[in-house]
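Right, one structure below, let's go through it.
In what follows, every heavy atom counts, from backbone to side chain, and hydrogens, waters and symmetry copies are set aside.
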Protein chains: 2
Amino acid sequence: MISHKIVPNISVDCVVFGFDFEKLNVLLVKREMKDEKSGALLISDHTLAGYHIFDDEDLDSAATRILKGLTGLDNIFLEQFGAFGQLDRVSAPRDKMWLDYINQGFADRIVTVGYLALIDNTKVTLTLKDRDVSWFPVTEVREMEMGFDHKFLFYKALEALQRKVKVEPIAFELLPDNFTLSQLQKLYEALLGTSFDKRNFRKKVAQMHYVIPLKKKQQGVPHKPAQYYLFSREVYEKTRKGRISFII
Amino acid sequence: MISHKIVPNISVDCVVFGFDFEKLNVLLVKREMKDEKSGALLISDHTLAGYHIFDDEDLDSAATRILKGLTGLDNIFLEQFGAFGQLDRVSAPRDKMWLDYINQGFADRIVTVGYLALIDNTKVTLTLKDRDVSWFPVTEVREMEMGFDHKFLFYKALEALQRKVKVEPIAFELLPDNFTLSQLQKLYEALLGTSFDKRNFRKKVAQMHYVIPLKKKQQGVPHKPAQYYLFSREVYEKTRKGRISFII
DNA sequence: ATTTCATTGTGTACTATATACACATAGTTA
DNA sequence: TAACTATGTGTATATAGTACACAATGAAAT
């Protein structure tokens, strides 16, 4: 085990989205800080998963490392949505590394690079159980206890997600490998906060030759079983034209 | 004049685009470094405009400051296109601040935040004349002497520009306040590397109610004078629907 | 005064995509 | 065998995209 040097004034924050077939959720870390003597609750809120970068890793690697620690998963879809260096960003208590840094005459500044991560809920549920980490519906974040800076990052990530989802087929990252068209439709409705006509939605999907029907059908459901589909990135790459609009 | 503290390991690089009614250009700084004794040329290449951030400014302010120094202009269109922390990024000779930083035990790392800037050529020509700064056609960058990291940033910026220009009306930032439809068409053709049918292009622009014809016409041109138009951001904000595709 | 020149400005037919809208079907459960 | 629940399908209309050619303007040259 190598001991990494931390870069004190550069951090990465991950906004992790998941979909439970009903609504869009975000992965947050519960934080509780108590006074050492009295045991009184000083802070009780939620934070994004984030940490300083190490001196021997690039930004993407730092985000990957953080997500691995959080979910146990490698190969998570990751994309930067911005770098943030507001002067009033830092509100958290400072660790020793950081205080050393300031004492040596360097500026009391953090720049954080925001990553948005999309994960397939069905793959991660097990790994989370003994951590202070859980899913929260994105629609509830507004009312939650959460530091101003992290709430800001969350909304920037959500905006970026809504923008990108219309232009690139990244929403499939939120679904299991096999999914039904109703699940896909519910996902887009949750992402964009709209609703679509079922027939028109399916007509549109039918034009996307990279969404491929399987032989497999749903089993054990108390209604007509739905057909499963898969998303083929390979076919997507081959058949995409200069077209922009992906859905809507 | 306040003396600013520099944050040694965080920088901002600006990729500045301009349009001369013929082609898309990028603003680069010529760099020549000679050996102090022999006078032999050590480096002769081009760099992006960039510098470390100060401890009392946020990232946008740093980019604004750099552009002000370069062009004399305030109010330049600016947008982040990414943060970059590749371990092999740093190749430039180190200044004292940076060496101090390393000597104090901190990591030998720079993270740079890339900004893409769009400027109206007609407003900037004067201010540039006595600087080692000039316009280069983007099509020539491939063959130019330029550090690997800056070339990489340039291409990332160009990709981001081509993506954004299709989805938001930012191309107008590259034109003067009044412009002709032929100029607008040439601009999109230069940006995207394609060509459009004149009648169809104009039909499309006619649907954009925020591109407004003026009474004014071209004067002194040796052919039928073109009508001038202006872009109204106000009308754009009011009339845009959920639509994605802007041009193409 | 007339011609030449360069660039602007316009219309139509055809194709493709977007939108609005209602009912039969499959398979489980009661 | 009847009831339930979600799946899966088609058509008519409106809107947007594409392909394509020639007359009009005003300056400059003869």
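- For the pair Q219(B) CD and dT7(C) P, the computed distance is 19 Å after rounding to whole Å.
- Closest approach of G85(B) to V111(B), counting heavy atoms only: CA-CG2, 4.0 Å.
- Straight-line distance from the CZ atom of F196(A) to the C1' atom of dT9(D): 20 Å, rounded to whole Å.
- Atom-to-atom distance recorded for L184(B):CG and L175(B):CG is 6.0 Å, nearest 0.5 angstrom.
- In this structure, the NE2 atom of H223(B) is 12 Å from the P atom of dG26(D), given to the nearest Å.
- Nearest to the side chain of K204(B), among dG17(D), dT7(D), dT25(D), sits dG17(D).
- Here the CE-OG1 distance, from M208(B) to T239(B), works out to 10.5 Å after rounding to the nearest 0.5 Å.
- Rounded to whole Å, atom C1' of dT8(C) lies 10 Å from atom OH of Y229(B).
- Across L116(B) and A160(B), no two heavy atoms sit closer than the pair CD2-CB, 4.0 Å.
- Comparing the local axis fitted to the first five base pairs of the helix from dA1(C)-dT30(D) to dA30(C)-dT1(D) with the one fitted to its last five gives a bend of 0°, rounded to 10°.
- Computed from coordinates, the K217(B) NZ to dA27(D) P distance equals 11 Å when rounded to whole Å.
- At a threshold of 4.0 angstrom between heavy atoms, the contacts of Q218(B) with the nucleic acid are absent.
- With rounding to the nearest 0.5 Å, the separation of CG in L73(B) from OG1 in T64(B) is 11.5 Å.
- DNA chain D is contacted by no residue of residues 174-183 of chain B, taking any non-hydrogen atom closer than 4.0 Å.
- Figure legend: cation-pi geometry between K156(A) and F81(A) absent, as NZ or CZ is not positioned both under 6.0 Å from the six-membered ring centre and within 45° of its axis.
- In terms of position along DNA chain D, the nucleotide closest to P225(A) lies nearer the 5' end than the nucleotide closest to the other residue of the pair P225(A) and N200(A).
- What separates NZ of K198(A) from C1' of dT5(D) is a distance of 11 Å, to the nearest Å.
- Counting to the nearest Å, the P atom of dG11(C) and the CZ atom of R199(B) are 11 Å from each other.
- Proximity note for D197(B) (side chain, C-beta onward) versus dA18(C), dC20(D), dT8(C): the nearest is dC20(D).
- Screening L187(B), T122(B), D120(B), V211(B) for a side chain to side chain contact (heavy atoms under 4.5 Å, CB included) involving F179(B) leaves a single residue, V211(B).
- Classification of the F154(B)-F17(B) ring pair by plane angle, with boundaries at 30° and 60°, yields tilted.
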Given the rule in the side chain to side chain contact (heavy atoms under 4.5 Å, CB included) test, do V165(B) and Q162(B) qualify, once you have shown the distances and angles that lead to the verdict? CA-CA 5 Å; V165(B) 117; Q162(B) 291 180 331; 5.7 Å; no

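- Between the side chain of K203(A) and the base of dT19(C), at least one donor-acceptor pair of N or O atoms lies under 3.5 Å.
- Atom CZ in F201(A) sits roughly 12 Å away from atom P in dT7(D) (whole-Å rounding).
- For V221(A) and P222(B), each mapped to the nucleotide of DNA chain C holding its nearest heavy atom, the one lying further toward the 5' end belongs to P222(B).
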